There are 2 protein chains.
Amino acid sequence: MKLGDYSLAESEEAMRAKVGNLPIDFASARAVSTLYRAANAARTKLTNSVLREHDITWTGWVVLWVVWIWDGLETRRASEAAGISKATLTGVVNTLVTRGWLDRARGTEDKRMVNLSLTPAGLELVQTIFEKFNAVEAQLVSQISPERLEEMTAGLRQIVETVEATRD
Amino acid sequence: MKLGDYSLAESEEAMRAKVGNLPIDFASARAVSTLYRAANAARTKLTNSVLREHDITWTGWVVLWVVWIWDGLETRRASEAAGISKATLTGVVNTLVTRGWLDRARGTEDKRMVNLSLTPAGLELVQTIFEKFNAVEAQLVSQISPERLEEMTAGLRQIVETVEATRD
DNA sequence: GGGATATTGTTCGTACCCAAACGACGCAAG
DNA sequence: CTTGCGTCGTTTGGGTACGAACAATATCCC
């Protein structure tokens with residue numbers, strides 16, 4: 001068996017052979033493992049083809065992006081929007097501030113808050129990267145029919161909603 | 001605006017307002033960002049509800065799982081099957097060996113190789129976790145119709161294949 | 001006003017994550 | 001038989017990633 005075959009179809013077949021007699025929901029298992037594999041593939045592809053040349057990581061980009069979209073953000077909202085913990089955000093922001101792309105400003109009204117905003121260099125970087133990034137995103141899903149893409153996105157959204165609904 | 005609204009729909013709307021006049025492919029952008037968000041949500045949910053009580057991380061579980069499915073693996077194949085780099089795998093395997101779940105064995109025929117295999121404790125752990133894990137997977141996708149789930153999985157698979165095809 | 005309670009961002013500890021450099025090993029051509 | 005090239009797993013260095021504990025600040029309730 002050649003290398004490259006340890007993915008998807010072959011893994012599924014191996015799993016079926018291993019646990020075929022157990023009461024397993026294969027459709028769910030396949031969906032979740034494919035979900036994770038696709039997310040990793042997309043992140044790696046986007047990182048290598050767009051972000052690497054600008055010396056910025058995936059998470060760093062996501063943080064810059066949400067700060068851009070929302071015209072500045074408090075830390076607590078930025079971590080939520082970026083989908084990372086506030087502890088992780090602290091470290092990522094440290095990196096972005098050091099790189100000269102982000103500014104920290106302690107809140108004036110509520111001194112617990114920290115407001116994040118783009119520096120001019122950060123703004124320029126975001127604008128430079130954004131279109132390239134979207135072009136690669138389009139390429140990633142280019143083999144999927146519009147109808148299927150719609151169904152896929154809707155399904156993914158339901159997973160997110162299911163998790164958020166059962167989070168107590 | 002209340003907290004919790006910095007996700008999905010609201011972010012999309014903010015993005016549209018910010019870049020509405022640029023030639024952006026919104027369907028692709030929405031698909032990729034939702035993909036990443038769903039993968040993170042699924043991983044967090046599965047980690048907290050199943051893996052945490054067994055003191056094992058997501059990546060650690062994936063590695064144990066692929067070694068189980070394939071009845072032992074060489075390191076190079078394990079990293080591919082687990083979707084992580086070989087450098088990462090070295091560290092994860094260190095952890096799993098220390099925990100007593102995995103064995104390292106230098107290849108006899110080709111001394112560059114390292115074969116991974118489950119210890120009895122590791123085998124017991126995998127079997128214990130597997131069914132719980134699958135039950136939560138099923139819950140994650142329980143709100144998705146079978147037809148949509150099929151379409152979603154097919155779409156995700158096409159993303160993986162697109163990335164693998166353009167990797168040179 | 002003052003004590004209990006909640007919320008903010010940070011720190012700490014542990015573990016992952018990867019590209020690049022590295023040393024050990026295999027292999028084939030001369 | 002040795003020289004060169006390719007492949008293996010590991011190490012290195014910088015950067016996430018998160019839960020828990022923390023100090024500072026805000027707010028509530030009497």
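Please read these numbers as outputs of a predicted model, since none were measured by experiment. Numbered from 1 within each chain, the chains take letters A, B, ... in sequence-line order.
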Distance, rounded to the nearest Å, where [X] contributes [atom1] and [N] contributes [atom2]:
X	N	atom1	atom2	result
A/I56	D/dG15	CD1	P	12 Å
B/E80	D/dT7	CD	P	15 Å
B/R76	D/dT10	CZ	P	13 Å
A/M113	D/dA24	CE	P	18 Å
B/N115	D/dC8	CG	C1'	12 Å
A/R52	D/dG15	CZ	P	13 Å
A/N40	C/dC16	CG	P	15 Å
A/W58	C/dC16	CH2	C1'	18 Å

Are a donor atom and an acceptor atom from the side chains of B/K45 and A/T166 found within less than 3.5 Å of each other? yes
When you compare the side chains of B/N134 and B/E131, does any donor N or O come within less than 3.5 Å of an acceptor on the partner? no
Please confirm whether any donor atom in the side chain of B/R112 sits under 3.5 Å from an acceptor in the base of D/dT7, or the reverse. yes
Let me confirm one number: the [atom1]-[atom2] distance from [X] to [Y], rounded to the nearest 0.5 Å.
X	Y	atom1	atom2	answer
A/K86	A/R76	NZ	CZ	11.0 Å
A/L51	A/I56	CG	CD1	6.5 Å
B/F130	A/I24	CZ	CD1	4.0 Å
A/R112	A/T75	CZ	OG1	13.0 Å

Quick one: on DNA chain C, does A/R43 or A/E74 contact a more 5' nucleotide (nearest heavy atom)? A/E74
Around A/Q127, counting heavy atoms of other residues, nucleotides and ligands shown, do more than 12 lie under 6.0 Å from its CD? yes
Please work out which residues in residues 100-108 of chain B have a non-hydrogen atom less than 4.0 Å from an atom of DNA chain D and list them by number. B/R104
Contacts to DNA chain D from residues 83-99 of chain A, heavy-atom cutoff under 4.0 Å, which residues? A/I84, A/S85, A/A87, A/T88, A/V92, A/T95, A/R99
Before giving the answer on ring pair (Phe, Tyr, Trp, His ring centres under 6.0 Å), spell out for B/W58 and A/Y36 the whole-Å C-alpha distance, their side-chain angles and the decisive distance to 0.1 Å. CA-CA 11 Å; B/W58 171 270; A/Y36 201 69; 4.8 Å; yes
Closest approach of B/I159 to A/L140 (non-hydrogen atoms, all atoms of both residues): CG1-O, 3.8 Å
